[in-house]
Amino acid sequence: MKINYALPALLVVTALALTGCVDNSTDTGTDTGGGNLDVGTDAAAIALLPADIKDAGVLVIGIDPTYAPNEYKDDAGNPIGWEVDLGNAMAAKLGLDTQYEPSSFDKIIPSVTGGSYDIGLSSFTDNEEREKVVDFVNYYEAGIQWAQQIGVDVDPANACGMTVTVQTGTYEETDELPAKSQECTDAGNEPIDILKFDTQDEATNALALGRADAMSADSPITQYAVSQVDDKIELAGDSFDTAPYGIVVQKDSELSAALQAALQSLIDDGTYKTILEDWGVFNGAVSSITINAATTS
């Protein structure tokens, strides 16, 4: 998620020009439409839209803009990133504007199920547990990737007794690290000290400042973080445990089919490829948009 190195001067990342953690209580939605992409509409996808969303003309999207390069904020506080570009293009195919509502990651799914947001677009890993509550429209494949302080030898498969930073609510925090820590204690070793933060930028800062031995996050996020402060942190091994990203939609909503059709249209016309290549994340591209891949693939 977003990398914010506004603390010590030696960690300032001017490419992001970020100034601090987001106070979501004062943020407002950002109407960005289709962005700068020239994307036409898709009549077949539009025909699948629920009537209330079609009539409103706006897709309300919950987003945690702290996960660069997937979704973060520009100097003016507007959400940017490859998932934002993809969301804008998807909405354009559906003849809709986009309204991004910044939120903490763990509040997005409840806000979708409660009707405050139409969808959640924020690097959600589709898994069976989440599918019990919401549906996912799958559009990308990401693995887990660890980073370490330069000079610290970390093996993600054997990190017993180490301190590992992670963002609260992510798959790495809820599933990966607890399971690995349990394996440690079952074998009579020290558990992993899981250092949790509300945002990914805080988790990355903690590693860069020496408060932890390693960090676990989705592969595009970790790779981007290392590229920004490669004098402080480095990759710890290869990515692993690839899983699908999915757009969060209310269970059994007609909207899922409309989003699936719009995204598939973006793949078919090359827009999807262009967006991912522009952001350097094409390695996780898919050729077919699916729904609930965790239980149907």
Side-chain angles (χ1 to χ4, degrees), residues 1-2 21-33 49-68 70-73 77-81 83-88 90-91 94 96-140 166-175 196-203 218 221 244-260 262-263 291-292 294:
M1 299 199 163
K2 176 179 67 181
C21 297
V22 178
D23 178 0
N24 291 319
S25 64
T26 59
D27 283 334
T28 58
T30 303
D31 183 5
T32 55
L49 278 172
D52 57 339
I53 293 178
K54 184 186 295 186
D55 292 344
V58 177
L59 194 63
V60 181
I61 303 172
I63 190 171
D64 175 10
T66 65
Y67 215 45
N70 295 13
E71 54 271 333
Y72 58 108
K73 287 194 171 188
N78 297 316
I80 58 173
E83 288 193 305
V84 175
D85 283 354
L86 187 64
N88 290 339
M90 176 184 70
L94 294 168
L96 302 173
D97 291 324
T98 52
Q99 179 178 315
Y100 289 95
E101 296 293 343
S103 170
S104 62
F105 183 78
D106 59 354
K107 290 183 173 62
I108 295 176
I109 287 180
S111 295
V112 171
T113 59
S116 298
Y117 307 150
D118 296 320
I119 65 172
L121 177 59
S122 206
S123 307
F124 280 94
T125 299
D126 177 2
N127 59 43
E128 293 184 15
E129 195 63 29
R130 286 173 172 165
E131 283 186 18
K132 295 176 183 177
V133 181
V134 292
D135 288 331
F136 288 91
V137 180
N138 308 111
Y139 57 93
Y140 192 75
V166 69
Q167 183 187 14
T168 299
T170 60
Y171 176 83
E172 290 81 359
E173 186 264 332
T174 60
D175 292 70
K196 305 175 185 180
F197 293 92
D198 289 338
T199 63
Q200 181 60 45
D201 55 325
E202 294 173 307
D218 293 353
I221 279 62
Y245 275 176
I247 297 173
V248 176
V249 186
Q250 279 192 352
K251 203 73 182 166
D252 301 320
S253 170
E254 296 175 348
L255 181 57
S256 292
L259 301 181
Q260 180 184 29
L263 287 168
I291 294 176
N292 292 337

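Worth knowing before you read on, the calculation uses all heavy atoms, side chains too, and leaves out hydrogens, waters and symmetry mates. Along the sequence shown, residues carry numbers from 1.
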Q: Taking all heavy atoms of Lys196 and all of Glu173, pick out the closest pair and write down the distance.
A: NZ-OE2, 3.1 Å
Q | Minimum heavy-atom distance between Tyr100 and Pro79, given as atom pair plus value | A | CB-CG, 3.8 Å
Q. Under 4.5 Å between any side-chain heavy atoms of Val112 and Ile119, yes or no?
A. no
Q.
Tell me if a side-chain donor or acceptor on Asn138 pairs with a main-chain N or O of Asn292 at a distance below 3.5 Å.
A. yes
Q: For the pair Glu101 (side chain) and Tyr117 (backbone), establish whether a donor and an acceptor sit closer than 3.5 Å, ignoring hydrogens and angles.
A: no
Q.
Walk me through whether Thr125 and Arg130 qualify under side chain to side chain contact (heavy atoms under 4.5 Å, CB included).
A. CA-CA 9 Å; Thr125 299; Arg130 286 173 172 165; 3.9 Å; yes
Q) Relative to the ring of Tyr139, is the ring of Tyr245 parallel (under 30°), tilted (30 to 60°) or perpendicular (over 60°)? A) tilted
Q. When rounded to the nearest 0.5 angstrom, what distance separates CG in Leu259 from CG in Leu94?
A. 6.5 Å
Q.
Looking at Asp126 and Pro244, would you say the former's side chain and the latter's main chain have a donor-acceptor pair under 3.5 Å?
A. no
Q: Compare every heavy atom of Met90 with every heavy atom of Leu263, then report the nearest pair and how far apart it is.
A: CG-SD, 3.7 Å
**Q.** Main-chain N/O of Leu59 paired to Asp118 side chain as donor or acceptor, under 3.5 Å
**A.** no
Q: For the pair Glu83 (side chain) and Ser123 (backbone), establish whether a donor and an acceptor sit closer than 3.5 Å, ignoring hydrogens and angles.
A: yes
**Q.** Minimal non-hydrogen separation, Lys251 against Asp135, with atom names
**A.** NZ-OD1, 2.9 Å
Q: With rounding to the nearest 0.5 Å, note down the distance linking CG in Asn88 to CD1 in Ile61.
A: 7.0 Å
Q: Evaluate the criterion side chain to side chain contact (heavy atoms under 4.5 Å, CB included) for residue pair Gln250 and Val134; output intermediate values, then yes/no.
A: CA-CA 5 Å; Gln250 279 192 352; Val134 292; over 6 Å; no
Q. Between the side chain of Gln260 and the main-chain N/O of Ser256, is any donor-acceptor distance below 3.5 Å?
A. no
Q. Is the backbone of Ala294 close enough, under 3.5 Å, to the side chain of Glu131 for a donor and an acceptor to pair up by distance?
A. yes
Q) Ser122 and Phe105: which non-hydrogen atoms are nearest, and at how many Å? A) O-CE1, 3.2 Å
Q) Donor-acceptor pair, Ser103 side chain versus Asp64 backbone, under 3.5 Å? A) no
Q: Indicate whether the side chain of Thr199 and that of Asp201 have a donor and an acceptor atom separated by less than 3.5 Å.
A: yes
Q | Any Ile247 side-chain heavy atom under 4.5 Å of Phe124 side chain | A | no
Q. Considering all heavy atoms of both residues, which atom of Ala91 and which atom of Thr98 are nearest to each other, and what is their separation?
A. CB-CG2, 3.3 Å
(Q) The test is side chain to side chain contact (heavy atoms under 4.5 Å, CB included); show your working for Leu49 and Leu96 and say whether it passes. (A) CA-CA 10 Å; Leu49 278 172; Leu96 302 173; 4.2 Å; yes
Q) Is it the case that more than 12 heavy atoms not belonging to Lys54 sit under 6.0 Å from its NZ atom? A) yes
Q: Apply side chain to side chain contact (heavy atoms under 4.5 Å, CB included) to the pair Ile63 and Val84, showing each step before the final yes or no.
A: CA-CA 9 Å; Ile63 190 171; Val84 175; 3.7 Å; yes
(Q) Taking Val249's backbone N and O only, do any of them form a donor-acceptor pair with Ser253's side chain (distance below 3.5 Å, no angle check)? (A) no
Q) Just wondering, do Phe197 and Val166 contact through their side chains at under 4.5 Å, heavy atoms? A) no
Q. Rounded to the nearest 0.5 Å, how far does OG1 of Thr170 lie from CG of Asp106?
A. 10.5 Å
Q.
Main chain of Ile221, side chain of Asp218: is a donor-acceptor contact present, judged purely on distance under 3.5 Å?
A. no
